[in-house]
Every structure is written in C-alpha cells, then in structure tokens.
Amino acid sequence: MKVKLIFAAVAMTLALACGANTAYAQGGPGLVVQGTQTVEKLPTKAKSFINKHFKDVAVTKCQEYFAKGKYEVELRNGVDLEFDRNGKITEIDAPDNTTLAASVVKDILPSNAWKRLEKQGLTSSVESIEFKRGKVYEVELNIPSPDTYIFDINGTFIAIED
C-alpha cells in the first residue's frame, strides 16, 4: 500500500512538473500556469500602452502567468514590460546602461512624482519603474547611490533607498 502511495505521489509530481506549461496534454485538461500569448491577446489597455510608446518596436516575447494574473512582454529594443490582468503597467525596465524615454516615465508616474523628478533634473535618468504591492512606485535612476526613489500611489515622495 505504501509503495502505491509513493508511486502515486511521484507520478503526480512529475505530471505537474512536465505539464505545467501546457493547457491540454494529450487531449485532456492539464494544469495551466503560464502560456505564450500574442500581442493581440493582451488586454486593450496594455496594447494601447505598447502602441503609444513603442509603436515601431517588435515584441519578441509575450507571456501570460495565469495564477499571478500578469503578462510579461519583452521588446526587441530590450525593454521589459509587465502588466496586470487588466492591462495596467506594473513594471518597466530599460536595458542595461540605458534609460526610459521621459514621455514613458511621465505617462506611468503620478504627476507629483513626475514633478519631483523634473524639478531635480532626473526625468531622463529613469532605468525602471515598479508598482509594488499596489502601494508604492519604486523608481530606479541611473545616478550614483542612493539611486531608488519611492513614491506612494498619489506620487508623494516617501524615501530614497540605496
């Protein structure tokens, strides 16, 4: 009996590990964790953002993570994007040793955060923006340390981190 239980547990583990990326395995339903998507399958808001800021840049990868409710998109120019299930951008990263266009930064950040960066002459120094836990924006800058500015959801400056 114990041998059968161990065998069943091993078989289940292998089935989950091997079938995690496929929606249907040999005609039957499987566990869906992630899946490759086309840009057309992204939420409208995400497609609009890409078309507005990266119209002439090809998408090299578009992945949907079902359990996490997010989409990851990689562009040919090296920019990585992450959207929530509704198409709101939650993270954007420029390729190494480059920065994001100021127009992109302005479109993502709340106006108070944008104004603070603008006042300090940092709008063209933004390497990445991440909306964390639905509460704060982390803005990484291409400047000597400390190089991460933290803003709340209203754009109010909270802290500078190293």
Side-chain angles (χ1 to χ4, degrees), residues 12-25 28-114 116-117 122-142 147-162:
M12 179 64 91
T13 302
L14 288 173
L16 290 174
C18 295
N21 286 332
T22 56
Y24 295 96
L31 177 63
V32 180
V33 176
Q34 67 185 37
T36 301
Q37 297 291 340
T38 62
V39 176
E40 291 76 32
K41 299 270 181 167
L42 288 173
T44 303
K45 195 172 182 179
K47 289 188 288 190
S48 296
F49 182 86
I50 293 169
N51 287 331
K52 179 178 179 180
H53 295 291
F54 303 101
K55 185 177 182 174
D56 297 325
V57 181
V59 172
T60 58
K61 179 181 173 188
C62 185
Q63 193 81 24
E64 181 178 9
Y65 293 86
F66 302 104
K68 294 180 181 180
K70 71 177 186 176
Y71 297 88
E72 289 183 359
V73 177
E74 293 178 10
L75 304 177
R76 179 153 327 274
N77 65 359
V79 171
D80 293 322
L81 305 161
E82 188 175 294
F83 299 95
D84 67 14
R85 72 184 66 213
N86 298 315
K88 180 180 187 247
I89 189 147
T90 57
E91 187 173 351
I92 183 168
D93 292 305
D96 291 340
N97 302 316
T98 64
T99 58
L100 299 168
S103 61
V104 174
V105 175
K106 186 175 184 178
D107 195 31
I108 296 172
L109 291 177
S111 63
N112 290 340
W114 167 258
R116 172 141 185 153
L117 294 177
L122 298 172
T123 57
S124 61
S125 299
V126 177
E127 293 179 327
S128 71
I129 300 170
E130 184 176 358
F131 188 53
K132 291 195 138 192
R133 297 174 298 281
K135 296 182 180 181
V136 297
Y137 289 91
E138 271 191 17
V139 179
E140 288 188 32
L141 302 163
N142 186 10
D147 62 351
T148 303
Y149 281 40
I150 311 293
F151 299 94
D152 71 10
I153 58 172
N154 299 313
T156 303
F157 177 74
I158 297 174
I160 297 176
E161 290 184 353
D162 199 8

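Only heavy atoms go into these numbers, but all of them, side chains included; no hydrogens, no water, no symmetry mates.
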* Walk me through it: do L42 and I50 pass the test side chain to side chain contact (heavy atoms under 4.5 Å, CB included)? => CA-CA 10 Å; L42 288 173; I50 293 169; 3.8 Å; yes
* To do: Give the intermediate values and the outcome of side chain to side chain contact (heavy atoms under 4.5 Å, CB included) for residues L122 and Y149.
  => CA-CA 11 Å; L122 298 172; Y149 281 40; 3.5 Å; yes
* To do: Apply side chain to side chain contact (heavy atoms under 4.5 Å, CB included) to I158 and V136, showing your working.
  => CA-CA 9 Å; I158 297 174; V136 297; 3.9 Å; yes
* To do: Please step through side chain to side chain contact (heavy atoms under 4.5 Å, CB included) for the pair L75 and L81, ending with a clear verdict.
  => CA-CA 8 Å; L75 304 177; L81 305 161; 4.0 Å; yes
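Remark: the backbone N or O of I153 is not paired with any side-chain donor or acceptor of K135 at under 3.5 angstrom. Within the 3.5 Å criterion, the main-chain N or O of A94 finds no donor-acceptor partner in the side chain of T98. In this structure, N51 contributes its side chain and K55 its backbone to no donor-acceptor pair below 3.5 Å.
How far OG1 of T123 is from CZ of R116: 14.0 Å, rounded to the nearest 0.5 Å. For the atom pair OH of Y65 and CD of E82, the computed distance is 9.0 Å after rounding to the nearest 0.5 Å. Remark: E127 CD to D96 CG distance equals 8.5 Å, nearest 0.5 Å. Once rounded to the nearest 0.5 Å, the distance linking CZ of F131 with CD1 of I92 reads 15.0 Å. Rounded to the nearest 0.5 Å, atoms NZ (K61) and CG (D80) are 8.5 Å apart. Taking CD of E130 as the start and CD of E138 as the end, the distance is 6.0 Å to the nearest 0.5 Å.
Between N112 and T156, the shortest heavy-atom contact is CB-N, 4.5 Å. Nearest heavy-atom pair, R85 versus P43, reported as atom, atom and distance to 0.1 Å: O-CG, 3.4 Å. Nearest approach of F49 to I89, heavy atoms of both residues: CE2-CD1, 3.6 Å. Contact record, Y71 with D84: CD1-O, 3.7 Å, taken as the closest heavy-atom pair.
Put simply, the side chain of T90 does not reach to within 4.5 Å of the side chain of F83, judged on heavy atoms.
With respect to the salt-bridge test (charged N to carboxylate O, under 4.0 angstrom), the residues D107 and K52 qualify.
Between F151 and Y137, the distance from one ring center to the other does not fall under 6.0 angstrom.
Around atom CG of N154, more than 12 heavy atoms belonging to other residues, nucleotides or ligands sit under 6.0 Å away.
Tested against F66 for a side chain to side chain contact (heavy atoms under 4.5 Å, CB included), the candidates K68, E64, K70 yield a single pass: E64. Checked options L117, T99, L109; the residue passing with V126 is L117 (criterion: side chain to side chain contact (heavy atoms under 4.5 Å, CB included)).
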